[in-house]
Amino acid sequence: MTRMTHQCQAVSAQAAADAESERETRERAPATLFARIGGADGVARLVETFYGRMDTLPEARTIRDMHAPDLSATKEVLRRYLGEWMGGPKLYSAERGHPRLRSRHIRFRIGKAERDAWLTCMRQALDETVADAALRDELYEAMAKLANWMRNDPGNPHDVQHHGAQHRGR
């Protein structure tokens with residue numbers, strides 16, 4: 001055998017070992033929420049069902065009125081955001097930059113009632129579209145924290161805590 005053949009065999013053997021190592025790492029690594037929900041298709045089902053609830057639940061009327069009559073663009077934004085938030089492709093930030101969710105929603109009053117209406121729609125959408133109970137609960141808990149963070153009404157816990165800390169430091 002030639003020296004070149006030995007080098008090719010060595011490179012080929014190393015590539016195979018690297019591929020096997022990568023496969024083992026993927027198998028050991030916990031799956032992302034994005035993978036666990038079913039990827040882009042799972043996120044799309046969740047978003048469609050969520051906005052379906054927003055369109056039909058009387059308790060969601062206030063938050064539905066914050067949106068345009070045609071939800072097509074809004075659905076696409078939420079699909080991209082949730083996909084990225086769950087560990088999928090970075091489609092949202094590639095298009096829109098940092099989420100800055102509170103500042104993007106500041107023009108809307110978001111209090112307890114609005115948070116609760118959003119969470120009701122999301123809970124029902126999760127219940128309908130996510131078969132894995134543990135995943136449903138994990139997603140809901142994380143989304144509940146996010147929804148609470150979005151509150152911008154006077155006296156919301158985040159701003160009271162933040163501003164209180166600023167004033168104590170003076």
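Residues take their numbers from the sequence shown, with the count starting at 1.
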*Asks:* Check the pair L126 / D137 against side-chain contact (heavy atoms from CB on, under 4.5 Å), numbers first and verdict last.
*Replies:* CA-CA 9 Å; L126 287 165; D137 291 345; over 6 Å; no
*Asks:* Which residues pass the side chain to side chain donor-acceptor pair (under 3.5 Å) test with N148, not counting sequence neighbours?
*Replies:* R115
*Asks:* If we ignore angles and hydrogens, is there a donor and acceptor under 3.5 Å between the side chains of E114 and T62?
*Replies:* no
*Asks:* Let's go through L91 and Y81 carefully: what are the C-alpha distance in whole Å and the side-chain angles of both, what is the deciding distance for side-chain contact (heavy atoms from CB on, under 4.5 Å) to 0.1 Å, and is it a yes or a no?
*Replies:* CA-CA 7 Å; L91 302 175; Y81 173 77; over 6 Å; no
*Asks:* To check you understand the geometry: which heavy-atom pair defines the closest contact between T129 and R45, and what is its length?
*Replies:*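 Heavy atoms only, the tightest pair is CG2-O, 3.7 Å.
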*Asks:* Mind checking salt bridge (charged side-chain N to carboxylate O under 4.0 Å, His left out) for K112 and listing every partner two or more places apart, or none if nothing turns up?
*Replies:*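 Scan of K112 (salt bridge (charged side-chain N to carboxylate O under 4.0 Å, His left out), adjacent residues dropped) gives none.
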*Asks:* Please report the shortest heavy-atom distance between A117 and E59, naming the atom on each side.
*Replies:*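 Where A117 meets E59 most closely, the heavy atoms are CB-O, 3.3 Å.
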*Asks:* Return the set of residues passing side chain to side chain donor-acceptor pair (under 3.5 Å) with R61 (not counting sequence neighbours), or none when no residue passes.
*Replies:*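 Scan of R61 (side chain to side chain donor-acceptor pair (under 3.5 Å), adjacent residues dropped) gives D65.
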*Asks:* D127: what forms a side chain to side chain donor-acceptor pair (under 3.5 Å) with it, not counting sequence neighbours?
*Replies:* R123
*Asks:* If every non-hydrogen atom of H67 is compared with every non-hydrogen atom of T74, which pair is closest and at what distance?
*Replies:*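 It is CD2-CG2, 3.6 Å.
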*Asks:* Mind checking what makes side chain to side chain donor-acceptor pair (under 3.5 Å) contact with R53, not counting sequence neighbours?
*Replies:* Q124, E128
*Asks:* Does any non-hydrogen side-chain atom of M122 lie less than 4.5 Å from one of L46?
*Replies:* yes
*Asks:* Please test E76 against R79 for salt bridge (charged side-chain N to carboxylate O under 4.0 Å, His left out), starting from the C-alpha separation and ending with a verdict.
*Replies:* CA-CA 5 Å; E76 182 61 26; R79 275 192 297 271; 2.7 Å; yes
*Asks:* Any side-chain heavy atom of L135 within less than 4.5 Å of one from L33?
*Replies:* yes
*Asks:* Grab the two heavy atoms, one from G52 and one from T56, that are nearest each other, plus how far apart they are.
*Replies:* O-OG1, 3.0 Å
*Asks:* Can you list, pair by pair, the side-chain donor-acceptor contacts under 3.5 Å of residues 138-147, counting residues two or more places apart and other chains?
*Replies:*
unit_1 : atom_1 : unit_2 : atom_2 : d
E138   : OE1    : R36    : NH1    : 2.9
E138   : OE1    : R36    : NH2    : 3.2

*Asks:* Hey, does Y51 have a side-chain heavy atom less than 4.5 Å from the side chain of C121?
*Replies:* no
*Asks:* Is I63 reachable from L57 through a run of hydrophobic residues whose side-chain heavy atoms are each under 4.5 Å from the next?
*Replies:*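 They do not share one cluster, since no chain of ILVMFWY contacts under 4.5 Å joins L57 to I63.
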*Asks:* Measuring from atom CE of M66 to atom CE of M54, what distance do you get when rounded to the nearest 0.5 angstrom?
*Replies:* 9.0 Å
*Asks:* Determine whether S93 and E84 make a side-chain contact, defined as any pair of heavy atoms from C-beta on separated by less than 4.5 Å.
*Replies:* yes
*Asks:* Between I37 and L82, is any pair of side-chain heavy atoms under 4.5 Å apart?
*Replies:*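 No, every pair of side-chain atoms sits at 4.5 Å or beyond.
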*Asks:* W85 versus Y92: any side-chain heavy-atom pair under 4.5 Å?
*Replies:* no
